[in-house]
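Take a look at the structure below.
Owing to the predicted nature of the structure, the values given are computational and were not obtained by experimental measurement. First listed ligand is number 1; within each ligand, the first listed atom is number 1.
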Amino acid sequence: MTSYPLTRLRRTRATAWSRALHREVLVTPADLIWPLFVAEGTGVEDPIGALPGVSRWSVDGIVARAKEAVALGIPCLALFPYTQPERRSADGGEALNPDNLMCRATRAIKDACGDAIGVLTDVALDPYTSHGQDGLIDGEGYVLNDATVEVLVGQSLNQAAAGADIIAPSDMMDGRIGAIRQALEDAGHINVQIMSYAAKYASAFYGPFRDAVGSRGLLKGDKKTYQMDPGNAEEALREVEMDLAEGADTVMVKPGLPYLDIAVRVKEAFGVPVFAYQVSGEYAMIEAAVAAGAADRDAMVLETLLSFKRAGCSGVLTYHAAHAARLLNG
Ligand code: PBG
């Protein structure tokens, strides 16, 4: 055992060059996935009240953000649509429309940027349903599993046909990864990846996101019959194990900071690429602290991102992606 005073752990901390030399993990722009909200129209920038500093952009604006991301060294975007109310329905059929907002935005990014950036598309029905749930519901409002999976397969094929590089199911239905993987293989999309929202919790941190996609006011009740109970960790490992067995390439833990323990355990148990989603409520908490004069935004953003890397994550979905990349690029 090392002991004081022959060992002084402060020795390597004494100067900036030494701290730099001994830093165990780093964050780079290449660790970041930037979630963007797509709106109908042209030339539209629609600020989201619950997410100060974040806007919905029409497709042309999304393409501009994609070019900005390429310039900043951000390798991937995650897209979410704000679906017009008249296009929402009980069965979320708009998710299958080859010309829906997601598909148009995906095609436009791929036309403009090609393989200079990846496009991750969210698979779940909540931006398209009139009831705000992620799947089809029965008379009691219960979200049906197998019937929903069939629609999610169609949604995934629709997104892949539009050029999506990573299909990211966030719905938490059982068996959807296997069904989607098989359908992608059969359709020849063998190199389209699946990033499973494998351990996604029924969290209080999603509020601002639901405003951003316009589902907050529609949602009755909660998502506890499909998203995980925040008290469970062992179950997260079972979720991850099943999704990997069904063909997920990478897995996600969501939310981020309150569930860092889950990220660590998943990484240790499976050794696969793990991503964390620093969700809307986490972003809003940082911005609220900054607005209250209680914290330094830049330091907080970089410290939280570093914590995900320290926990073993390959990358982080964060609404601060562009800001963080600017900071990291100096
Ligand atoms: C829905 C979905 C949600 C988020 C990503 N996909 C919200 C939910 O499950 O209600 C949340 C992301 C965030 O809060 O930033 N399928």
Element-labelled atoms of ligand 1 that are located less than 4.0 Å from some non-hydrogen atom of D122
6 (N), 16 (N)
How far is atom 12 (C) of ligand 1 from the closest protein heavy atom, and which atom is that?
F209 CD1, 3.3 Å
Would you please classify the geometry between the Y319 ring and the Y283 ring as parallel, tilted or perpendicular, with 30° and 60° separating the classes?
perpendicular
Can you tell me the protein heavy atom closest to atom 8 (C) of ligand 1 and the distance?
K223 NZ, 3.3 Å
Using a 4.0 Å cut-off to any heavy atom of Q227, which atoms of ligand 1 qualify?
8 (C), 9 (O)
Within reach of ligand 1, part of D171 (heavy-atom separation under 4.0 Å)
neither
With R56 as the cation and F37 as the aromatic partner, state whether NZ or CZ is under 6.0 Å from the six-membered ring centre and within 45° of the axis.
no
Suppose I only count heavy atoms of R210 and a 4.0 Å limit; which atoms of ligand 1 are within that range?
8 (C), 10 (O)
Please check: side-chain N/O of D122 versus main-chain N/O of F80, any donor-acceptor pairing under 3.5 Å?
no
Just heavy atoms, cut-off under 4.0 Å: does A124 contact ligand 1 by side chain, backbone, both, or neither?
side chain
Take F275 and F308 through the test ring-ring contact (aromatic ring centres under 6.0 Å, His included) and record every step on the way to the result.
CA-CA 9 Å; F275 289 81; F308 292 111; over 10 Å; no
When you measure from the heavy atoms of K200 to every atom of ligand 1, does any distance fall below 4.0 Å?
yes
Would one find an N or O of Y197, backbone or side chain, under 3.5 Å from an N or O of ligand 1?
no
heavy-atom search around atom 14 (O) of ligand 1 in the protein gives S280 OG, 2.7 Å
Would you say the side-chain atoms of D31 pair up with the backbone N or O of T28, donor to acceptor, closer than 3.5 Å?
yes
Could you verify whether a donor N or O on one side chain and an acceptor N or O on the other, from W17 and T15, lie under 3.5 Å apart?
yes
Going hydrophobic residue to hydrophobic residue with side-chain gaps under 4.5 angstrom, can you get from L120 over to F209?
yes
Do NZ/NE/NH1/NH2 and the carboxylate oxygens of E282 and K254 come within less than 4.0 Å?
no
Step by step, work out the side chain to side chain donor-acceptor pair (under 3.5 Å) result for Q278 and T304.
CA-CA 9 Å; Q278 188 171 35; T304 60; 3.1 Å; yes
Atom 15 (O) of ligand 1: the protein heavy-atom neighbour that sits closest, reported with distance to 0.1 Å
Y319 OH, 2.6 Å
Which residue holds the protein heavy atom closest to atom 16 (N) of ligand 1, what is that atom called, and what is the gap in Å?
S170 OG, 2.7 Å
Within the 4.0 Å heavy-atom cut-off, what V279 brings close to ligand 1 is both
Is Y277 near ligand 1, meaning one of its heavy atoms is under 4.0 Å from it?
yes
Note the single closest protein heavy atom to atom 5 (C) of ligand 1, along with its residue, its atom name and the distance in Å.
K254 NZ, 2.6 Å
Heavy-atom donor-acceptor pair, E94 side chain to S89 backbone, under 3.5 Å:
no
Top protein contact for atom 1 (C) of ligand 1, by heavy-atom distance
D126 OD2, 2.8 Å
